[in-house]
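Please read the structure below before turning to the comments.
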Amino acid sequence: MILGVAIDTPLRRIFDYRVSAGQPSPPHGGRVWVPFGRRRVVGIVIEYREHTEVPAGKLRDIHACIDTEPVFDPQLLKLLLWSAEYYRHPVGEVLAAALPAALRAGAPLREELRVWRLTEAGRRQAMTQLSARATRLRSIVEYLAHRDAAPASDILQAAGASMEALHRLAARGFVEWQQPVAETASSGTVHPGPSLNDAQQAAVEHIAACLGGFSALLLQGVTGSGKTEVYMQAIAAVLARTGQALVLVPEIALTPQLVSRFRERFDLPMAVLHSGLSDGERLAAWRQAQLGQVHIVIGTRSAVFAPLPRLGLIVMDEEHDPSFKQQDGFRYSARDLAILRAQRLDIPIVLGSATPSLESLLHARRQPETLLRLPRRAAGAKPPRLSLVDLRNQPQTQGLATATVQAIDRHLRDGGQVMLFLNRRGYAPVMFCPGCGWTAQCRRCDAHLTVHGRGTQLACHHCGNRQVVAELCPLCSTMLKPVGQGTERIEETLGLMFPGVALARIDRDSIRRKGELEAVLTRINDNEVRLLVGTQMLTKGHDFPNVTLVVVLNADQGLFSTDYRASERLAQTIVQVAGRAGRAQRPGEVLIQTEYPDHPLLTKLLTGGYEAFAEGALQERERSGWPPFARIALLRAEAPTPAAAMQFLHAARDAAQAGGLLACAQDTNQSALRGLRLLGPAPAPMERRAGRFRAQLLLQAPSHGPVQKFLAGWLPILETLPASRQVRWSIDVDAQELF
DNA sequence: AGCACGCCGACT
DNA sequence: GTCGGCGTGCTC
C-alpha cells in the first residue's frame with residue numbers, strides 16, 4: 001500500500017511512502033512518523049494508492065502511525081486541501097498551519113487520561129534494586145522522582161524509553177497509574193439578553209431562520225448599533241439546536257472584552273484561540289473544540305480552521321478588517337475561507353461590520369435578501385456630527401489647528417472626553433537638518449527614521465532598527481530638528497496646552513504588556529482620563545461612553561496612495577474612529593483635519609456617509625477592473641540586490657510567454673485564460689526594506705478561473721528557473737496590499 | 001525549511 | 001595542519 005503524505009516543508013508536493021501489509025495502516029487525515037532525508041518528521045496521510053511513480057530505490061517505509069483516528073475530519077481536510085491549491089501554498093505547510101504546535105510535533109491527539117507516578121516502594125527502593133545496566137528504567141524513575149505524576153508520553157519522551165519499560169516497572173511495583181480528577185462540567189445555561197430594538201430583532205430572527213442551510217449574511221450596523229447582541233442571540237438559537245458556534249475577530253486585543261461579554265451571557269464551556277496562547281493552552285482549546293466539549297469558540301484568523309464537529313453558525317466580526325488576510329507564508333483570507341467553510345457545511349455565516357468590505361457590499365447588492373441592517377444606535381444615542389477642519393487657512397500649533405484646539409477646550413469645559421486619532425506613533429516622522437536639508441534615513445530601508453522619546457532616539461518602523469540620535473547634522477553640524485507630529489509629540493503639546501487635564505496615550509509603544517490596555521481603558525471609562533491620543537488601537541471595538549469629541553489629525557495620508565485599497569481603508573478608519581464619539585447620552589462631534597477639504601472621498605463621506613463613499617468606490621473599481629470586479633494575484637520577490645529581484649520577475653514573465661500561457665490569454669475566443677494580463681514587474685513602493693530589495697509582478701484577470709488556470713501552469717516553471725535561486729519569492733492570491 | 005556535502009581562509 | 005564560511009543539492 002502506498003500513502004501520499006503531506007510534510008511540513010516548503011516543497012510543493014506530497015511524498016509517497018510504503019506501508020507493508022502486516023503494519024497497521026493509518027487513517028486518512030491521520031499522522032505518521034516518516035523518515036525524511038536524514039530526519040524523522042511528522043506527516044499527514046492525505047492519499048491512499050496502490051501505485052506510485054516514485055522509483056523503488058527512493059521509496060521508504062513509514063516508521064509508525066501516531067493516530068488511530070484522523071486529526072482533521074474529512075470536511076475540514078477537504079477545505080484545507082482546497083486552500084493549499086487555491087492559495088498555491090505547499091500542502092504540508094497549510095496542514096501544519098491548521099494544527100497546534102504540539103500536534104505538529106507528534107503529541108497524542110487525545111489528552112491522556114492516565115498519569116503515572118512512583119509508588120512508595122519505587123520512590124525508596126527502585127534505584128537500589130534496579131540493575132545498573134537498566135538505563136532506560138533508571139531514567140524513568142529519575143524523571144518521576146522529582147514530580148508528582150506525568151502522562152506516559154512525557155515520561156517516555158524524556159527518558160527515551162518505550163511503553164514496555166513503563167510496564168516492566170509497573171510489574172515490579174515501582175510505578176502505578178491513576179485517573180486524573182474529572183473536570184467539573186458547567187451548568188450549560190444561557191442567560192436572557194436585553195430586549196432588542198426592531199432592527200436587531202429582525203436580524204436575529206432572519207439569522208435563526210437561516211440555520212440549517214447556507215447563507216452569507218451581511219450585518220451592516222453603524223457603530224454602537226448593538227451587533228454583538230445580535231451575534232449572541234443568534235448563537236443562542238444555534239446552541240438550542242445543539243450546534244457549535246465559531247466567532248472570528250480580527251485581533252487578540254478584542255478577545256478579552258468580547259469573551260467576558262460572552263461568558264456573562266453563556267454559562268457554557270467556551271474556548272479561545274489566538275496567537276497569545278501557549279502551546280499547551282492552544283492544544284487544550286483545540287482538543288476541547290474537536291471533541292465537541294465546547295459550545296463556542298472565539299478566535300482570530302487561524303481559528304477559521306478550528307475543528308468543530310457540530311458547527312452550526314460562523315460569525316465574523318469587523319469582516320472588513322485587513323488582518324483577516326494573512327500577510328506572509330500561507331497567505332489565506334480567513335474571511336473568504338470562512339464563507340467557503342459555511343457553504344460546504346451548509347450553515348449560515350454572519351459577516352458583521354459598520355464599514356463592510358466592497359466585496360460584501362457587492363454581494364449584498366446582488367442578493368439583497370442577505371443584507372441585514374442596523375441603521376440606528378442601540379441605546380438611542382444620536383449619530384455623531386462630522387465636519388472638516390481646513391488646515392490651509394488657519395494657524396496650527398504642532399499639527400493642531402486653532403479651530404481644533406478651541407473645540408477640544410469647549411468639550412473639556414463641558415465635561416466631555418476628547419479623543420485624538422493619529423495613525424503615526426513616535427515623536428516625529430522625520431529628523432531634519434535646517435542647515436542643509438539632510439534627513440535621518442534607515443540604513444537598511446528606503447524610509448525615514450522616526451524620532452522617539454522627545455528627540456532622544458531614532459527608530460525604523462519597518463525593520464525595527466534603533467539608534468541613538470546625534471544632536472548635530474553629520475554633514476554640516478547644524479542642530480537637528482524633529483519635523484512633523486507623532487502621537488508622542490501630540491501628547492506633549494496637549495500637556496502644555498491643557499495643563500492639569502489628565503492625559504493618556506494609547507499606541508504600540510505605550511502599551512507594552514498584556515493588561516496595560518485594559519488598565520488604561522478602565523481609567524478612561526472611570527473618567528479619570530479626559531484627553532486621549534492614540535493610533536489604530538483606539539479604533540477597534542472599544543467602547544468609550546464619555547467621549548464627545550473625536551479628532552482625526554491626519555486624514556490626508558491615505559488620500560493619494562498608489563494602493564487601490566488605500567481609500568477604502570481610510571474611509572473605514574475615519575468612520576470607525578468617528579463611531580467612538582458620543583456612544584452614550586451626550587451627542588458626539590467629529591473633526592477631520594485636512595489640507596484637501598474638497599477631496600471627493602472626504603466630501604462623499606461627510607454628505608452621504610460610508611455607503612455613499614462605498615457606492616463611488618465600487619463604480620471606480622468596476623470602471624478600472626479591480627476587485628471585487630476582477631481577480632488579482634501578485635508574484636513577489638525579494639533579493640539582496642534590486643537587479644536580482646527584477647531579473648527573476650522578468651524571467652517569470654518570459655517563461656509565461658514562452659510556455660504559451662500569455663498567448664492563450666490574448667486569444668479572444670473561448671480560451672480558459674481570456675482577459676488575463678501581467679503588469680510589471682515593478683519595484684515595490686518601498687523598494688528596500690531590512691536590507692532586501694523587493695519587486696512585484698501583478699496578475700490581473702476578470703475572474704478567478706483564469707488566475708487559477710494560469711498559476712497552475714506557471715508555478716512549476718517558476719520553481720525550475722535558475723534566477724529563482726537568487727531570490728525569495730512568493731505568490732499572493734487575492735493580494736490586499738501591493739507590498 | 002533543514003541538513004549534509006564540499007571546497008577555500010584565519011586560528012589552537 | 002584543522003575549524004568554519006555559505007554555495008548547491010536533496011528530501012518519497
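Numbers restart at 1 for each chain; the letters A, B, ... are given by sequence-line order, proteins then strands. No experiment lies behind these values; they were computed from the predicted model shown.
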Please tabulate, one pair per line, each protein N/O and nucleotide N/O from nucleotides 7-12 of chain C that are separated by under 3.5 Å, including the distance.
{"from": "C/dT11", "atom 1": "OP1", "to": "A/K58", "atom 2": "NZ", "distance (Å)": "2.9"}
{"from": "C/dT11", "atom 1": "O3'", "to": "A/G37", "atom 2": "N", "distance (Å)": "3.0"}
{"from": "C/dC12", "atom 1": "OP1", "to": "A/Y17", "atom 2": "OH", "distance (Å)": "3.1"}
{"from": "C/dC12", "atom 1": "OP1", "to": "A/P35", "atom 2": "O", "distance (Å)": "3.0"}
{"from": "C/dC12", "atom 1": "OP2", "to": "A/G37", "atom 2": "N", "distance (Å)": "3.4"}
{"from": "C/dC12", "atom 1": "OP2", "to": "A/R60", "atom 2": "NH1", "distance (Å)": "2.5"}
{"from": "C/dC12", "atom 1": "O3'", "to": "A/D16", "atom 2": "O", "distance (Å)": "2.5"}
{"from": "C/dC12", "atom 1": "O3'", "to": "A/R60", "atom 2": "N", "distance (Å)": "3.0"}
{"from": "C/dC12", "atom 1": "O2", "to": "A/D16", "atom 2": "N", "distance (Å)": "2.9"}

Exam field: side chain A/R282 to backbone A/S278, donor-acceptor pair closer than 3.5 Å: no

Ion pair A/D563/A/R569, N-O distance below 4.0 Å: no

Ion pair check, A/E737 and A/K325, cut-off under 4.0 Å: no

Candidates A/Q696, A/R689, A/R692 - the one meeting side chain to side chain donor-acceptor pair (under 3.5 Å) with A/E638: A/R692

Other residues, nucleotides, ligands: >12 heavy atoms within 6.0 Å of A/R136 CZ: no

